[in-house]
Amino acid sequence: MTAADGQKWTAVRIRQLKGRGRISCLTAYDYFTARRLDAAGIQIALVGDSLGMVVLGYETTLPVTMEDMLHHTAAVARGVRTAMVVADMPFLSYQVSVEQGINNAGRFLKEAGADAVKIEGGRIRADLVEALTANGIPVMGHIGLTPQSVHLFGGYRVQGRGAEAEEWLIDDARALEAAGVFAIVLECIPAVLGGKVTAAVSVPTIGIGAGPECDGQVLVSHDLLGLTGDFKPRFVKRYAELGGEMERAFRAFREDVETGRFPGEEHSYPS
Ligand code: KIV
C-alpha cells in the first residue's frame, strides 16, 4: 500500500497504515493547492479551520463559519484524485448538540465532497464520534493543543506536560479510539508523550509538534511553503520560501508596468 498505487485514500486504508507506513497530511484550502498536494502523493488533504488565519486573516480559528469551510472544502475536493479530503468542523458547529454535529458533518460529505470530518476534543466528543460513525461519517480526532480552545488555554501553549496531564491525554485518545475515530491528530505536546499516545492506541496518530514517533505528520501548507512571514513555531519545517518569491514577482510586475516593459510584443495580439 503506497502513495503511488493510484487508489483513493479512505478512512479504512489510512487506519490500516498503523504500524505499516507513515502518513503525510497537509492542509489545502483551494483547488490548485489540492491538485499539487495530490500529485505529490500526500495521503490526506486537510481543509483545516486554520483557513481562518492563513487565508481569511483572522487572529484565531473561532470566526470561521460552516459556509467558509464548505466553500473551501468543495474547491479542494474538486482538485484531488487519490488524496482523502478531511474537513475541519468549525467552532460551534458540533459542540452544541450531537444532532447539530451530525447535521453539520453530513453537509461536508453531502454538499462539499469531503471524505471525512475532523473535530477537536477527547472524551467529551465520544458520543458525537459514535453517532457520526454509526451514521456513516468517518471522523478524525484532534487532541493536545486544540486551537478552538485557545482562550481556555490562555494562548497557543504546549499541552500534556506533567504526569496527570499525560494520563488525561492518553485516556482522551483511548476514548476517541473506542468511539470509532480512524486517526487522531496530536498537536503541540512533548515528543515523549506523542510516542506514548501512539503506542496506546490502535489507530494512527498524526502529529503536529508531537514528535517523531507519531504514525504520521501534518503541517499547515502555508507554514511549510514559507508564506507566513516571521511566524515560525518550533514544530514547523520550511521546505520553501515562497513568501519572498511572491513579493519579488509582484514587485517585478509593478516595475515592468511602470516602465512599460510589460506587456511586450509576445504578450500582445497581432491585428
Ligand atoms: O486547522 C488546521 O490546519 C489543523 C491542523 C493544524 C491539524 O487543525
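Numbering starts at 1 and runs along the sequence shown. Each ligand, and each atom within it, is numbered from 1 in the order the structure gives.
- Closest to atom 8 (O) of ligand 1, if we only count protein heavy atoms, is Lys118 NZ, 2.9 Å.
- Nearest heavy-atom pair across Pro90 and Val64 is CB-O, 3.4 Å.
- Ligand-side atoms of ligand 1 in range of Thr27: 3 (O), range being under 4.0 angstrom from any heavy atom.
- Note that CG of Leu169 and CD of Glu164 are 13.0 Å apart. Values are rounded to the nearest 0.5 Å.
- Ligand 1 has His142 within reach: a non-hydrogen atom of the residue lies less than 4.0 Å from it.
- Of all the heavy atoms of Asp88, the ones lying under 4.0 Å from any atom of ligand 1 belong exclusively to the side chain.
- Contacts between Asp49 and ligand 1 below 4.0 angstrom, taking non-hydrogen atoms only, involve backbone and side chain alike.
- In summary, the side chains of Ser93 and Gln100 do not present any donor paired with an acceptor at a separation below 3.5 Å, with no hydrogens or angles considered.
- If you check the side chains of Thr198 and Thr205, you find a donor sitting under 3.5 Å from an acceptor.
- Rounding to the nearest 0.5 Å places CE of Met140 at 11.0 Å from CG of Asp115.
- On a distance-only criterion, Glu187 and ligand 1 share no N/O pair closer than 3.5 Å.
- Considering only non-hydrogen protein atoms, atom 3 (O) of ligand 1 sits nearest to Ser50 OG, 2.5 Å.
- Per-residue contacts place Gly48 under 4.0 angstrom from the following atoms of ligand 1 (heavy atoms of the residue considered): 1 (O), 2 (C), 3 (O).
- A donor atom on one side chain and an acceptor atom on the other are not found under 3.5 Å apart for Glu187 and Tyr156.
- A centroid separation of less than 6.0 Å is found between the aromatic rings of His222 and Tyr29.
- Residue contacts with ligand 1 for Leu46 involve side-chain atoms from C-beta outward but no N, CA, C or O (heavy atoms, distance under 4.0 Å).
- Near Ile208, the atoms of ligand 1 lying under 4.0 angstrom from a non-hydrogen atom of the residue are 6 (C).
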